[in-house]
Amino acid sequence: MRYQAPRGTHDVLPSEVPNWRFVEETFRELCARYGYQEIRTPVFEVTELFARTSGESSDIVTKQMYTFRVGDESLTLRPEGTAPTIRAYLEHALHAQGPVCKLFYICPIFRHEAPQAGRYRQHHQVGIECLGAADAAADAEVIALGHDYLRALGITGEVLHLNSVGCPQCRPTYRQALRDFLQPLLPRLCDDCQRRYAVNPLRVLDCKSTTCKALVADAPRGLDYLCAECAAHFAQVRRWLDTLGIGYELDPRLVRGLDYYTRTAFEFMHDGLGAQSTVIGGGRYDGLIEQCGGKPTPGVGFGSGIERALLIRAALQAALPAAPARKVFVATQGDAARAASIPLLYELRRAKVPAETDYLGRSLKAQMREAHRQGARFALILGDDELAHNVVTLRDLQTHEQRVVPREQVVSELQRLTAV
RNA sequence: GUGGGUAUAGCUCAGUCGGUUAGAGCGCCAGGUUGUGGCCCUGGAGGUCGUCGGUUCGAGCCCGAUUACCCACCCCA
């Protein structure tokens, strides 16, 4: 029986790991620059946390959660990153450390969906949450960080879609206006849209069916129904983005998948992703913290799929910053030299010089080939001649130059040559 | 859940009209003179052709079923 990774999951093999590390380290560095601190929460939470915050009718809650029972507890593998962050923020009273708390995370996310290009059952997200700031400058900062993140990854050609979904005061008015508009059209809408009408009428506006599109062309726009406060906030967000020189497209039909979003909603889209196009999705969630049992506290943040960022980088053939070759390969010939090479190898490693050797008793030629295959910068060659003179042959595999170095100076010499 | 596509060596793929020992490139291993990698040359290892059944004198190829993967719908990061 051969086992395979479960459907929708993937192994990240050693050859791919440098790409992952690049993305994660780029994000970490950026977050530090913007004043965000890392938080790590458990992979699973009590089911209720997600069920209550994401929305009873959301896709995540209705069909995508990996939920399991242990004893009389119902637990769920994290299907999104914001709710656990808020839970930890409240549980440990991080608000007491200052009025604004800025957190970031890098973690796996689990959703039971049908896998396809850019969509997996386990994927990984980087994300940020800015808690305690209602100011439009916070929205702009979050968006700016996302923008800089893509730039730092070598990603270009993305489009920032921006919308405001209002607040609990103005949104019901709009939803009612939209329902009133759609209701007489209902019999002519597609099956999906009839369902959407009941669950989330905003989604009808997003239907790909040409007949639906035509029918809803004159539908009321959410932006026209914003209350005065939401409208002012949205205008300020747009002004700050203009100030920062971050371009965007107003997208009145942009809807987020989770119920807790208020006011600003945004997605960075890119067409290098097949049918999936969102690489960063986020927005403001001013009611969420209170809903989780905290004092009324505003929040804004985003999540971004690492796999999707990597797919775009691959489509753009974005190069990885080259790391200088530092490895030393110890090659030997003969039993005595082999015996002498063991302590040498360990001395190198203890001196923080990356060092490798042959374990198969192969020919010197094969060992040199192996050194090259592994991308070693230097080869140390040790045979009877070197032993007799208490020296080691040092070959630079890039310049093809080699010279003899006294045994007692080899380690310090390589420390010098491989210093970063 | 619903459609479509694919399945042959570690990887990417050929495989003609159904015909005898199933191929290439890359990768891997070894050799090309006495102790030296990369290029080149030579050789080698590696495949129950996804699985099960059917048609046929004969199936990698045709038919059916099944499984897996991919793509798309839906929805999203």
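Given the structure is predicted, the values throughout are model-derived calculations rather than measurements. Numbered from 1 within each chain, the chains take letters A, B, ... in sequence-line order.
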Could you state the atom-to-atom distance from [atom1] of [X] to [atom2] of [N] in whole Å?
| X | N | atom1 | atom2 | answer |
| --- | --- | --- | --- | --- |
| A/Arg121 | B/rA77 | CZ | P | 18 Å |
| A/Arg78 | B/rA77 | CZ | P | 15 Å |
| A/Arg369 | B/rG27 | CZ | P | 12 Å |
| A/Tyr120 | B/rA72 | OH | P | 10 Å |
| A/Asp358 | B/rA30 | CG | C1' | 14 Å |
| A/Arg373 | B/rG27 | CZ | P | 12 Å |
| A/Leu360 | B/rA45 | CG | P | 20 Å |
| A/His372 | B/rG38 | NE2 | P | 7 Å |

When the [atom1] atoms of [M] and [N] are compared, how many Å lie between them, rounded to an integer?
| N | M | atom1 | value |
| --- | --- | --- | --- |
| B/rC70 | B/rU34 | P | 50 Å |
| B/rA45 | B/rG54 | C1' | 36 Å |
| B/rG23 | B/rG15 | C1' | 7 Å |
| B/rG47 | B/rG60 | C1' | 11 Å |
| B/rU16 | B/rA22 | C1' | 14 Å |
| B/rC11 | B/rU33 | C1' | 36 Å |
| B/rC62 | B/rG44 | P | 32 Å |
| B/rC63 | B/rC69 | C1' | 23 Å |

Do any side-chain nitrogens or oxygens of [X] fall under 4.0 Å of OP1 or OP2 in [N]?
| X | N | value |
| --- | --- | --- |
| A/Gln116 | B/rA72 | yes |
| A/Arg7 | B/rA68 | no |
| A/Lys365 | B/rG35 | no |
| A/Gln64 | B/rC75 | no |

Could you check whether [X] gets within reach of a base, just the sugar-phosphate, or nothing at all, counting any heavy atom under 4.0 Å?
| X | result |
| --- | --- |
| A/His400 | base |
| A/Glu386 | base |
| A/His112 | nothing |
| A/Gln4 | sugar-phosphate |
| A/Ile60 | nothing |
| A/Ala117 | sugar-phosphate |
| A/Gly334 | nothing |

Looking at [X] and [N], is any side-chain donor or acceptor paired with a base atom of the opposite kind under 3.5 Å?
| X | N | result |
| --- | --- | --- |
| A/Gln367 | B/rU36 | no |
| A/Glu113 | B/rG1 | no |
| A/Arg362 | B/rC29 | no |

Identify all stems in which RNA chain B takes part, counting only runs of at least 3 consecutive pairs (Watson-Crick or G-U wobble, each distance under 3.5 Å), and give each as one range with another, ordered by first number.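 In RNA chain B, stems of three or more pairs: B:1-7 with B:67-73, B:10-13 with B:23-26, B:28-32 with B:40-44, B:50-54 with B:62-66.
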Stepwise salt bridge (Lys or Arg N to Asp or Glu O under 4.0 Å) test for A/Lys63 and A/Asp59: CA-CA 6 Å; A/Lys63 53 192 182 193; A/Asp59 275 27; 3.6 Å; yes
Minimum side-chain heavy-atom gap A/Arg171-A/Val165 below 4.5 Å: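 Result yes, sub-4.5 Å side-chain heavy-atom pair found.
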Residue pair A/Cys107 / A/Thr41, side-chain heavy-atom distance below 4.5 Å: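 Side chain of A/Cys107 against side chain of A/Thr41, heavy atoms only: no contact under 4.5 Å found.
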Out of [options], which has the shortest distance to the side chain of [X]?
| X | options | answer |
| --- | --- | --- |
| A/Leu397 | B/rG37, B/rU36, B/rC74 | B/rG37 |
| A/Arg119 | B/rU36, B/rA68, B/rC74 | B/rC74 |
| A/Arg308 | B/rA77, B/rC28, B/rG38 | B/rA77 |
| A/Ala114 | B/rU36, B/rG35, B/rA72 | B/rA72 |
| A/Ala275 | B/rC73, B/rG37, B/rG35 | B/rC73 |
| A/Lys63 | B/rG35, B/rC74, B/rC70 | B/rC74 |

Test salt bridge (Lys or Arg N to Asp or Glu O under 4.0 Å) applied to A/Arg253 - qualifying residues, sequence neighbours left out: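 A/Arg253: no salt bridge (Lys or Arg N to Asp or Glu O under 4.0 Å) contacts found.
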Set out, in order, the CA-CA distance, both residues' side-chain angles and the distance that settles side chain to side chain donor-acceptor pair (under 3.5 Å) for A/Thr278 and A/Glu267, then state yes or no. CA-CA 6 Å; A/Thr278 301; A/Glu267 293 188 9; 2.5 Å; yes
Would you sort out whether A/Glu80 and A/Tyr260 count as a side chain to side chain donor-acceptor pair (under 3.5 Å), showing the intermediate values? CA-CA 12 Å; A/Glu80 60 104 14; A/Tyr260 52 64; 2.6 Å; yes
Glycosidic conformation of B/rG37, syn or anti, with 90° from 0 as the boundary?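 Base orientation relative to the sugar is anti.
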Along RNA chain B (nearest heavy atom to each residue), the more 5'-positioned of A/Thr393 and A/Pro6: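 It is A/Thr393 whose nearest nucleotide is closer to the 5' end.
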Pairwise 5' ranking along RNA chain B for A/Gly303 and A/His10, keeping only the more 5' one: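 On the 5' side of the pair lies A/His10.
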Measure across A/Ala275 and A/Gln116 and return the closest heavy-atom pair with its distance rounded to 0.1 Å. CB-NE2, 3.7 Å
Provide the closest heavy-atom pair for A/Leu320 versus A/Pro18 in the form atom of the first, atom of the second, distance. CD2-CB, 3.6 Å
Indicate yes or no: does A/Glu16 engage A/Arg21 in a salt bridge with an N to O separation below 4.0 Å.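 Salt bridge flag = no for A/Arg21 with A/Glu16.
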When you measure from the centre of the six-membered ring of A/Tyr346, is the NZ or CZ of A/Arg349 under 6.0 Å away and within 45° of the axis? yes
Is A/Arg284 close enough and on-axis enough to A/Tyr261, meaning under 6.0 Å and within 45°, for cation-pi?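 So A/Arg284 doesn't make the cation-pi contact.
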